[in-house]
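Lettering of chains follows the sequences in order, A, B, ..., and the numbering in each one begins at 1. From a predicted model like this one, the values you see are computed outputs, not experimental measurements.
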Amino acid sequence: MSPIRRLRRLRRAELPIDTVKLARFLIGKVVVHHLNTGRLTGRIVETEAYPIGDAAGHAFRGKTPRNGSLFLQRGHAYVYFSYGSSFLLNVSSERSGVGGGVLLRAIEPLEGIERMARSRGKMLIADIGRGPGRLTRAMKVDLRQDGLDLCAPGPLWLGTTTQATGAIGRSVRIGLSRNVRRPLRFYERGNPHLSGPKRLRQ
DNA sequence: TTGGCGATTGGCT
DNA sequence: GCCAATCGCCAAT
């Protein structure tokens with residue numbers, strides 16, 4: 001596969017401090033994970049904001065051993081293990097010491113698609129990065145990446161847009177039981193790699 | 001020390 | 001679309 005040209009790391013100064021603005025900003029950007037054997041790249045097409053004071057957010061009850069990464073300066077990885085089976089990747093937001101984050105819910109695979117698809121049998125390419133747990137499985141992200149600085153030299157980082165970003169949609173978040181009505185999910189309209197019901201993809 | 005619950009997924013109807 | 005599996009976290013005991 002030919003490497004993507006004009007792809008560079010995002011600087012922290014480019015990331016909006018505000019959680020909701022960051023969630024919107026990240027649509028169309030990319031996540032890159034360098035492995036010994038090459039790199040995996042996914043274009044972010046769906047995010048959710050978990051801002052300050054949000055009862056659905058993991059930072060809501062204060063800092064604990066698990067969620068400490070949410071309180072790091074914006075642009076750090078917060079990874080946690082969910083439902084006994086999936087790892088979920090967030091980008092920390094807000095100022096250092098303030099808990100907030102953006103959940104990455106879906107990617108469009110760009111580089112390393114074949115390796116992402118390995119062990120996934122006949123799963124469609126469109127399904128490989130659809131959903132927060134599948135996203136981390138495709139990108140080979142787990143607890144070892146928790147706390148990494150995505151804006152510093154390192155194996156996991158955020159990159160600039162590689163192609164024009166389509167219209168951005170906004171909806172309620174998925175899978176919550178608290179604060180269910182807040183429209184804090186962002187997505188690229190009509191992208192085939194989105195998670196959630198059809199009505200939340202248009 | 002314990003048990004209810006969750007930012008999900010995959011399989012089945 | 002519905003539901004069970006699965007297990008670490010953490011609030012309450």
Side-chain angles (χ1 to χ4, degrees), chain A residues 18-27 31 42 44-72 74-94 98-109 116-148 150 158 169-188 192-202:
Chain A
D18 177 80
T19 304
V20 179
K21 288 184 175 141
L22 178 62
R24 190 175 205 284
F25 172 85
L26 288 176
I27 299 298
V31 188
I44 300 167
V45 297
E46 181 183 344
T47 63
E48 281 178 355
Y50 288 86
I52 300 169
D54 174 17
H58 286 185
F60 184 64
R61 294 173 202 284
K63 195 171 170 180
T64 69
R66 172 173 75 146
N67 68 15
S69 301
L70 281 177
F71 293 77
L72 297 172
R74 68 188 187 281
H76 284 75
Y78 165 52
V79 183
Y80 75 96
F81 187 56
S82 178
Y83 285 104
S85 59
S86 305
F87 297 101
L88 275 65
L89 171 63
N90 299 250
V91 178
S92 69
S93 57
E94 304 299 336
V98 178
V102 174
L103 171 68
L104 304 187
R105 284 198 59 92
I107 53 154
E108 173 181 341
M116 293 179 185
R118 201 171 296 164
S119 85
R120 305 249 53 176
K122 294 178 181 172
M123 180 178 273
L124 300 173
I125 297 298
D127 291 333
I128 288 176
R130 152 186 287 143
R134 291 173 175 175
L135 179 156
T136 56
R137 184 160 164 185
M139 293 295 299
K140 305 267 192 286
V141 166
D142 58 34
L143 258 26
R144 289 172 292 186
Q145 284 74 43
D146 181 46
L148 289 185
L150 304 175
L158 294 169
R170 184 169 182 168
S171 80
V172 295
R173 295 173 292 183
I174 294 174
L176 303 186
S177 59
R178 323 178 67 154
N179 264 341
V180 296
R181 306 185 71 134
R182 297 185 73 180
L184 297 178
R185 171 177 173 265
F186 295 90
Y187 57 99
E188 183 177 53
H193 303 267
L194 298 177
S195 74
K198 266 185 186 166
R199 64 188 167 81
L200 294 184
R201 301 181 197 174
Q202 319 174 50

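When rounded to the nearest whole Å, the span between CG of A/Leu200 and C1' of C/dG1 equals 15 Å. To the nearest angstrom, P of B/dT8 lies 16 Å from CG of A/Asp127. Rounded to an integer number of Å, the gap from CG of A/Asp146 to P of C/dC9 is 11 Å. One can place OH of A/Tyr83 at 13 Å from C1' of C/dC3, the figure rounded to the nearest angstrom. Whole-Å rounding puts the A/Leu88 CG to C/dT6 P distance at 19 Å. Spacing between atom CZ of A/Phe87 and atom C1' of C/dT6 amounts to 13 Å, rounded to whole angstrom units. For the pair A/Arg66 CZ and C/dA11 P, the interatomic distance rounds to 10 Å; values are reported in whole Å. Taking atom CG on A/Asn179 and atom P on B/dA7, their separation rounds to 12 Å, with Å as the unit.
In this structure, CD1 in A/Ile44 is found 14.0 Å from CZ in A/Phe186, a value given to the nearest 0.5 Å. Note: A/Asp142 CG to A/Leu88 CG = 12.5 Å, rounded to the nearest 0.5 Å. Within the model, atoms OH of A/Tyr187 and CD of A/Gln202 stand 7.5 Å from one another, a figure rounded to the nearest 0.5 Å.
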## Note on the structure
Per-residue pairing states of DNA chain C in dot-bracket (Watson-Crick or G-U under 3.5 Å; . unpaired, | other strand) read |||||.||||||.
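Using cut-offs of 30° and 60° on the angle between ring planes, the pair A/Tyr78 and A/His58 is perpendicular.
Partners of A/Arg130 according to the side chain to side chain donor-acceptor pair (under 3.5 Å) rule, which considers only residues two or more places apart in sequence or in another chain, are A/Asp127. Annotation: side-chain contact (heavy atoms from CB on, under 4.5 Å) contacts of A/Arg173 (sequence neighbours excluded): A/Glu48, A/Tyr50, A/Pro51, A/Asp54, A/Ala56, A/Leu176, A/Asn179, A/Arg182, A/Leu184, A/Arg185.
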Review item, side-chain donor-acceptor pairs of residues 98-106 of chain A, under 3.5 Å, at least two apart:
residue	atom	partner	partner atom	Å
A/Arg105	NE	A/Glu46	OE2	2.9
A/Arg105	NE	A/Ser195	OG	3.4
A/Arg105	NH2	A/Ser195	OG	3.2

Show every donor-acceptor pair shorter than 3.5 Å between a side-chain atom in residues 117-126 of chain A and any protein atom, with sequence neighbours excluded, or say none if there are none.
none

Distances for protein N or O near nucleotides 9-13 of chain B N or O, under 3.5 Å:
residue	atom	partner	partner atom	Å
B/dT9	OP1	A/Pro132	N	3.3
B/dT9	OP1	A/Gly133	N	2.6
B/dT9	OP1	A/Arg134	N	3.0
B/dG10	OP1	A/Arg120	NH2	2.4
B/dG10	OP2	A/Arg134	NE	2.7
B/dG10	OP2	A/Arg134	NH2	2.9

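Ring stacking is absent between A/Phe81 and C/dG8, as the pair misses the limits of under 5.5 Å between centres and under 30 degrees between planes.
Side-chain nitrogen and oxygen atoms of A/Thr64 include at least one within less than 4.0 Å of the OP1 or OP2 phosphate oxygen of C/dC10. Regarding contacts with the backbone of B/dG6, a side-chain N or O of A/Ser177 is found under 4.0 angstrom from either OP1 or OP2.
Of the possible polar contacts, one joining the A/Thr136 side chain to the A/Phe87 backbone as a donor-acceptor pair under 3.5 Å is found.
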